[in-house]
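What follows is a short report on a single structure.
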Amino acid sequence: MKLLPLYLLAVATAAVAQNATFLDGLMSTLENAGATSLTQIASQLNGTSQGQYLLNSISNGDAYVLFAPNDTAVSNAPSNLTSSPADLFAYHVVHGNFSGQSTTYPNTTVGRTFLNDTTWVSLEGNKSQVVAWATRSDGNVHVLNQRNDSTITNVTTYGNLTIYIVSSVLEWPDNFSGTVNADAPYLDGLSELVSNVSQTFYNGSDGTTSNETVSRILDYGFKGFTLFAPNTTAIEAIGSSITTYEQNATLMQIILSNHIINGTSVYSPELVGKSYISAAGQTFSFHINSTGQYVTMGSVTARILQPDVLLSNGVAHVIDQVLLDTEENTGAASSAYMCRVASATSAAGQSTTETRAIGYSQTEGLASGSGSSASSTSSHSAGVAVRGPSAGQMAALGFTAVGVVVGGFLAMA
Ligand SMILES: *[C@@H]1O[C@H](CO)[C@@H](O)[C@H](O)[C@H]1NC(C)=O
Ligand SMILES: *[C@@H]1O[C@H](CO)[C@@H](O)[C@H](O)[C@H]1NC(C)=O
Ligand SMILES: *[C@@H]1O[C@H](CO)[C@@H](O)[C@H](O)[C@H]1NC(C)=O
Ligand SMILES: *[C@@H]1O[C@H](CO)[C@@H](O)[C@H](O)[C@H]1NC(C)=O
Ligand SMILES: *[C@@H]1O[C@H](CO)[C@@H](O)[C@H](O)[C@H]1NC(C)=O
Ligand SMILES: *[C@@H]1O[C@H](CO)[C@@H](O)[C@H](O)[C@H]1NC(C)=O
Ligand SMILES: *[C@@H]1O[C@H](CO)[C@@H](O)[C@H](O)[C@H]1NC(C)=O
Ligand SMILES: *[C@@H]1O[C@H](CO)[C@@H](O)[C@H](O)[C@H]1NC(C)=O
Ligand SMILES: *[C@@H]1O[C@H](CO)[C@@H](O)[C@H](O)[C@H]1NC(C)=O
Ligand SMILES: *[C@@H]1O[C@H](CO)[C@@H](O)[C@H](O)[C@H]1NC(C)=O
Ligand SMILES: *[C@@H]1O[C@H](CO)[C@@H](O)[C@H](O)[C@H]1NC(C)=O
Ligand SMILES: CC(=O)N[C@H]1CO[C@H](CO)[C@@H](O)[C@@H]1O
């Protein structure tokens, strides 16, 4: 199997002719950046309604970010990733202008992609999957949660499109078990624990009730959830008491449910200054300072060691302590859930209309010392983290049109 990159295509033949100069310019932009275009396979993406939707969207005049794997990245990509060009491309496009957004890990920038294929994504309100990135201590901007570390190696713009050249094709998230197996061995302890606890599971979508392991519920039962995931050391630290808890399945379920927000995927920038109700009805609260981000439940405050481990149906934040709370309040849990479902439903369809980093207000990070307490506790470093010509410079060069750019990858037999 030989992998061929494809980067350019147009919505229709007429549009190609009409915007030939624009497309030529874009093609050379990508070529100069090491991302070669192969227009002859463009029709493969154009051949799906999902691909067409994507093309129409990104030519609508708004700002978009394209993560563009360079040619080496594409030739090194696992073949299963490249077998679905429309899905692959959808996960590489984010709606919005992120040029004022700069975060240093463990703070992260989270953007909503276009990937909403139900084969891969099961988030609340049918939202599309997100991608997270941040500057790490090596000074490079890393796309997080990637099996093959992907860094932004160059940045360029073309009209309203910001192109981040990346060193690997971006893989979209797997479910909890798959993620632990492949990428998060430090969660083996939790993974084992949730495999040993069963719970009566009410499946809201078909109204059936079944007895499932919590592991299976995490993998398939939630449509949007947030998991505070103690690493294996944290689980070992509570020692033999875990065995005692395990002997009482009800108690163990409550403890596990107090690590979960049921029905919504809350990314780390959205935790700041908020509180949430757990799946067992207890309250999570959060604070952030220069030493990190913390979650508190009852008498336990845990540090978030690794934020935003993205999952196909939610998100996990790795923490350094078990949130050992054995209290439950089922009424509070279910009303909080109903409230989230209502808000996810009203937000449905907004997945690709989010035009800024999730959890940041429009101007946040661009102005210092803003007034509200929520933003003053969450203001992140401002600044343009990227090199390359600005939109203004591009305009000066004559690239003022709002354009169509599409890349994708195709496995050719
Ligand atoms: C970054 O891309 C620009 C064109 O967009 C190119 O001129 C420059 O050589 C690239 N830099 C690197 C380090 O690849
Ligand atoms: C792609 O990026 C990687 C990492 O920076 C680099 O080693 C490789 O040479 C680049 N390939 C191309 C074709 O530019
Ligand atoms: C889009 O698809 C149609 C039908 O599959 C094809 O005729 C057309 O050439 C394609 N357009 C481009 C730009 O690839
Ligand atoms: C698109 O680019 C044009 C020209 O640079 C600019 O006037 C317009 O505001 C941009 N639109 C968005 C949504 O950024
Ligand atoms: C691709 O294959 C790898 C290894 O088998 C697997 O972990 C990953 O989930 C697969 N990804 C997709 C999108 O199928
Ligand atoms: C994915 O998003 C597109 C555009 O909003 C929408 O038409 C389509 O129905 C969505 N698919 C799913 C499975 O929600
Ligand atoms: C869990 O986190 C603690 C605190 O950072 C660390 O010392 C420990 O090595 C981690 N455990 C695992 C299994 O990664
Ligand atoms: C659920 O299944 C487990 C494992 O088979 C079993 O131990 C437990 O008693 C069952 N619980 C209920 C409520 O049926
Ligand atoms: C198990 O824990 C639940 C919840 O704390 C408690 O109500 C119940 O009495 C416990 N059962 C046993 C056998 O200790
Ligand atoms: C993360 O953001 C918080 C709140 O704005 C800030 O106090 C902290 O210094 C930031 N951390 C890093 C590593 O930039
Ligand atoms: C999530 O909340 C709904 C509604 O209260 C409930 O039916 C479902 O069992 C909950 N899921 C879990 C795993 O707690
Ligand atoms: C598909 C596409 O990009 N169409 C654009 C072609 O150029 C004109 C004028 O610059 C735009 O209005 C179209 O949106």
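Both ligands and their constituent atoms are indexed starting at 1 by order of listing.
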Looking just at side-chain N and O atoms, do Ser177 and Asn175 make a donor-acceptor pair shorter than 3.5 Å?
-> no

Looking just at side-chain N and O atoms, do Asn258 and Ser278 make a donor-acceptor pair shorter than 3.5 Å?
-> yes

Nearest protein heavy atom to atom 13 (C) of ligand 8, by residue and atom, and its distance?
-> Thr200 OG1, 4.3 Å

If you count the atoms of ligand 8 from 1 in the order shown, which ones are under 4.0 Å from a heavy atom of Asn211?
-> 1 (C), 2 (O), 3 (C), 8 (C), 10 (C), 11 (N), 12 (C), 14 (O)

Against heavy atoms of Leu305, which atoms of ligand 7 measure under 4.0 Å?
-> 1 (C), 2 (O), 4 (C), 5 (O)

Show your working on side chain to side chain donor-acceptor pair (under 3.5 Å) between Ser275 and Thr283 and close with a plain yes or no.
-> CA-CA 7 Å; Ser275 67; Thr283 304; over 6 Å; no

Should Thr233 be counted as touching ligand 7, given the test is an N or O pair under 3.5 Å?
-> yes

Hey, is atom 5 (O) of ligand 8 under 4.0 Å from any protein heavy atom?
-> no

Report yes if some heavy atom in the side chain of Ile288 is under 4.5 Å from a heavy atom in the side chain of Asn107; otherwise report no.
-> yes

Verify ring pair (Phe, Tyr, Trp, His ring centres under 6.0 Å) between Trp120 and Tyr91, making sure each step is shown before the conclusion.
-> CA-CA 11 Å; Trp120 311 117; Tyr91 195 57; over 10 Å; no

Distance from atom 11 (N) of ligand 2 to nearest protein heavy atom, with residue and atom | Thr72 OG1, 2.5 Å

Give the residue and atom name of whichever protein heavy atom lies nearest to atom 14 (O) of ligand 7, and the separation in Å to one decimal.
-> Tyr186 CB, 3.3 Å

Might you confirm whether atom CD of Glu246 has over 12 heavy atoms from other residues, nucleotides or ligands at distances under 6.0 Å?
-> yes

Polar-atom distance check: Asn231 versus ligand 7, any N or O pair below 3.5 Å?
-> yes

Please write down residue, atom name and distance for the protein heavy atom closest to atom 3 (C) of ligand 2.
-> Asn70 ND2, 3.6 Å

Output, in order, the C-alpha distance, side-chain angles, deciding distance and verdict of side chain to side chain donor-acceptor pair (under 3.5 Å) for Asp188 and Thr232.
-> CA-CA 6 Å; Asp188 278 348; Thr232 303; 5.9 Å; no

